[in-house]
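Here is the structure we will look at.
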Amino acid sequence: MAFSRRHLLHLMAAVPAAVGISSISRAETPVSPTAGDPDLGDWEAVRDLFALSRDKVHMSAMLLASHPRPVREAIERHRAELDRDTVAYLETHMDDLTEASRDAAGAYLGIHPSHVAFADSTTMAVGLAYAGLKIRADQEMLTTDEGYFVTHETLRLKALESGATLRSIPLYEHAFDATADAIAAAVLEAVGPKTRLVALTWVHSSTGLKMPVRAIARGLRDVNASRDPQDHVLLGVDGVHGFGIEDVSFDELGCDMFMAGCHKWLFGPRGTGIAVFSGKALDAVQPTVPSFTDDPTFSAWVRRRDAPGGRNNGRRMTPGGFKAFEHLWALKEAFDLHAGLGKAAVAARTHALASQLKQGLAAIDGVTVRTPMDPELSAGIVSFDIDGRSAGAAVSALRERGIVASVAPYARAHIRLTPSIRNMESEVDAAIDAVKALA
């Protein structure tokens, strides 16, 4: 019999599971957490799911989520049971609830759940993927200047550890007049015979530009057609600012590794994230943190074997440790909410609000919109500048007017507003009016 981490939990228990706690299995868990809610095609009803104060226009979805009611209630339900009888609830429900969240993530992305690893943020997910990459010293990693600190720093540390070369290229001078063809060409032309990894950011948090990931993935498939498998170029994507917005599956996006926090546009529990791997990527990465959810790994330790049996998988890539399980388990409700709304509807709504905002800002004298107007090159982030005002001063002034904006944390800082499904058209108009008053 194989030993597992959950067997250890049973051995640790000082008392038997309390009588009266009903078993919660994946089959018994309601499919939709929104039963009894108003028609979710009504965006006012969606707004009502959030406890955000009504005295402000909240356009900061890109930072940290306010939990919608189904997620809030799931967290509180699990927290109450953990507080009431911690060991019994863990023993009885941990496996089913964890796998229900993994199943929901896989269903949302259209991939088998065994390819999904859990993390606590985009940062951890990027670290799991790139730090675990098996790369030789004679190979290189390629990224772009426009990516975020997390990708750059993780790759820098990986280069130090592996001896592999790290190279970064610029993609454009101005995001607002960049084209998908030119961006894809710049990436593909930079790929060399030693390139093992292309690490991209799906939506740049500085300018809001959305990368043509699918076009780049198609180009890399052509490159790989003439290479040995161990020299294939892998495509990694920090996808956090497209995740929860765009209506695309993992296979349709075409990358090998996809990393995102679930507590931004998905409005999932705070402190949750995912790393998703293609079959090729699972063979090319290895765990860097011990897992508590992969039984063969724990069994190998118990039996003093050098390595676990079986192929690498999402459970094996998931860091172990005791954590805020009530948040991890409430991920299912976040995915179910988006599934109930419909990914296409969420994408259309977010893009419509962002387009309304971009067009309104572009019509104001003294305002320069940095985000491309084309929805194919943008998502929900809208970045802009106001003549004569620093980004920090402008954000402070907007907050005094009840508009919650943020500053891009880059050498060239921009003002950011991020309309989402929790916003209404009237709030977009209020934001436009507030910017006009400052310009």
Side-chain angles (χ1 to χ4, degrees), residues 115 117 119 121-172 175 178 180 183-207 209-221 223-224 227 230-243 248 250 253-261 273-278 280-286 288 317 410:
H115 291 250
S121 61
T122 311
T123 301
M124 178 182 280
V126 169
L128 291 173
Y130 295 158
L133 178 65
K134 302 171 188 175
I135 188 169
R136 304 191 305 267
D138 64 336
Q139 295 176 317
E140 75 164 10
M141 299 174 288
L142 176 67
T143 191
T144 72
D145 294 353
E146 295 79 9
Y148 187 50
F149 162 75
V150 169
T151 291
H152 289 173
E153 180 63 3
T154 305
L155 295 179
R156 183 185 73 83
L157 295 174
K158 184 62 181 180
L160 288 175
E161 176 264 323
S162 65
T165 301
L166 172 60
R167 187 159 53 96
S168 182
I169 61 168
L171 291 176
Y172 47 76
I183 292 171
V187 173
L188 294 171
E189 288 170 4
V191 173
K194 296 182 179 181
T195 305
R196 175 59 166 160
L197 172 70
V198 172
L200 303 178
T201 301
W202 194 4
V203 180
H204 296 159
S205 59
S206 54
T207 63
L209 180 137
K210 182 173 65 182
M211 291 284 288
V213 172
R214 281 179 278 191
I216 295 168
R218 287 193 297 269
L220 291 178
R221 282 197 290 270
V223 171
N224 287 335
R227 294 194 179 193
Q230 67 269 21
D231 294 319
H232 277 192
V233 183
L234 300 173
L235 177 57
V237 175
D238 171 347
V240 69
H241 293 304
F243 185 57
V248 62
F250 180 82
L253 194 60
C255 58
D256 295 291
M257 296 177 276
F258 181 90
M259 297 75 71
I274 58 171
V276 185
F277 303 91
S278 68
K280 181 194 298 185
L282 283 173
D283 292 336
V285 299
Q286 57 191 359
T288 54
M317 292 294 296
Y410 295 81

Original post:
Does any N or O in the side chain of Asp256 come within less than 3.5 Å of the main-chain N or O of Gly236, such that one atom is a donor and the other an acceptor?
Top reply: no
Subject >> side-chain hydrogen bond (donor to acceptor under 3.5 Å, both in side chains) partners for Ser205, two or more places apart >> reply: Tyr410
Original post:
Stepwise, does the side chain to side chain donor-acceptor pair (under 3.5 Å) test hold for Asp145 with Ser168?
Top reply: CA-CA 6 Å; Asp145 294 353; Ser168 182; 2.5 Å; yes
Original post:
Rounded to the nearest 0.5 Å, how far does CZ of Phe277 lie from CG of Asp283?
Top reply: 12.0 Å
Original post:
How far apart are the closest heavy atoms of Met317 and Ala117, and which atoms are they?
Top reply: CB-CB, 3.8 Å
Original post:
Which heavy atom of His152 sits nearest a heavy atom of Gly147, and at what distance?
Top reply: CE1-O, 3.6 Å
Original post:
Closest heavy-atom contact between Gly239 and Ala260?
Top reply: C-CB, 4.2 Å
**OP:** Under the salt bridge (Lys or Arg N to Asp or Glu O under 4.0 Å) rule, collect the residues that match up with Arg167, sequence neighbours excluded.
**Re:** Glu140
**OP:** Please list, chain by chain and in numerical order, all residues satisfying side-chain hydrogen bond (donor to acceptor under 3.5 Å, both in side chains) with Gln230, sequence neighbours excluded.
**Re:** none
Original post:
Counting only N and O atoms by type, is there a donor-acceptor contact under 3.5 Å from the side chain of Thr154 to the main-chain atoms of Gly127?
Top reply: no
Original post:
Any sub-3.5 Å donor-acceptor pair from His115's side-chain atoms to Ala275's backbone N or O?
Top reply: no
Original post:
What are the two closest non-hydrogen atoms of Thr143 and Leu155, and how far apart are they?
Top reply: CB-CD1, 3.8 Å
**OP:** Quick one: list whatever passes salt bridge (Lys or Arg N to Asp or Glu O under 4.0 Å) with Glu189, sequence neighbours left out.
**Re:** none
Original post:
Leu171 and Leu209: side chain to side chain contact (heavy atoms under 4.5 Å, CB included), yes or no, with the steps?
Top reply: CA-CA 11 Å; Leu171 291 176; Leu209 180 137; 5.9 Å; no
Original post:
Side-chain contact, heavy-atom cut-off 4.5 Å: Phe250 with Cys255?
Top reply: yes
Original post:
With a 4.5 Å limit on heavy-atom distance, are the side chains of Val233 and Arg227 in contact?
Top reply: yes
Original post:
What residues form a salt bridge (Lys or Arg N to Asp or Glu O under 4.0 Å) with Arg136, not counting sequence neighbours?
Top reply: Asp138, Asp231
**OP:** Mind running side chain to side chain contact (heavy atoms under 4.5 Å, CB included) on Trp202 and Lys210 for me, showing each step along the way?
**Re:** CA-CA 6 Å; Trp202 194 4; Lys210 182 173 65 182; 3.7 Å; yes
**OP:** Quick one: closest heavy-atom pair of Ala119 and Ala125, and the distance?
**Re:** CB-N, 3.8 Å
Original post:
Are any of the side-chain heavy atoms of Val213 and Leu235 separated by less than 4.5 Å?
Top reply: yes
**OP:** Verify side chain to side chain contact (heavy atoms under 4.5 Å, CB included) between Thr122 and Val150, making sure each step is shown before the conclusion.
**Re:** CA-CA 8 Å; Thr122 311; Val150 169; 5.7 Å; no
Original post:
Are any non-hydrogen side-chain atoms of Thr165 and Lys194 less than 4.5 angstrom apart?
Top reply: no
Subject >> Under 3.5 Å: donor-acceptor pair, side chain of Thr201, backbone of His204 >> reply: no
**OP:** Could you pull out the closest heavy-atom pair between Pro212 and Ala184, with the gap in Å?
**Re:** CG-N, 4.1 Å
Original post:
Is a donor on one side and an acceptor on the other found under 3.5 Å between the side chain of Lys134 and the backbone of Ala284?
Top reply: no
Original post:
When rounded to the nearest 0.5 angstrom, what distance separates CD in Gln139 from CG in Leu197?
Top reply: 10.0 Å
**OP:** Any chance you could lay out the side chain to side chain contact (heavy atoms under 4.5 Å, CB included) test for Val285 and Leu128, step after step, and finish with the verdict?
**Re:** CA-CA 9 Å; Val285 299; Leu128 291 173; over 6 Å; no
Subject >> Spacing of CE belonging to Met259 relative to OH belonging to Tyr130, to within rounding of 0.5 Å >> reply: 3.5 Å
Subject >> Value rounded to 0.5 Å, distance of CD in Glu146 from CD1 in Ile169 >> reply: 8.0 Å
Original post:
Hey, what do you get for CZ (Arg156) to CZ (Phe149), rounding to the nearest 0.5 Å?
Top reply: 8.0 Å
**OP:** Only counting residues at least two apart or in another chain, list the ones meeting side-chain hydrogen bond (donor to acceptor under 3.5 Å, both in side chains) with Lys280.
**Re:** His232
Original post:
How far does OG1 of Thr195 sit from CD1 of Ile135, to the nearest 0.5 angstrom?
Top reply: 9.0 Å
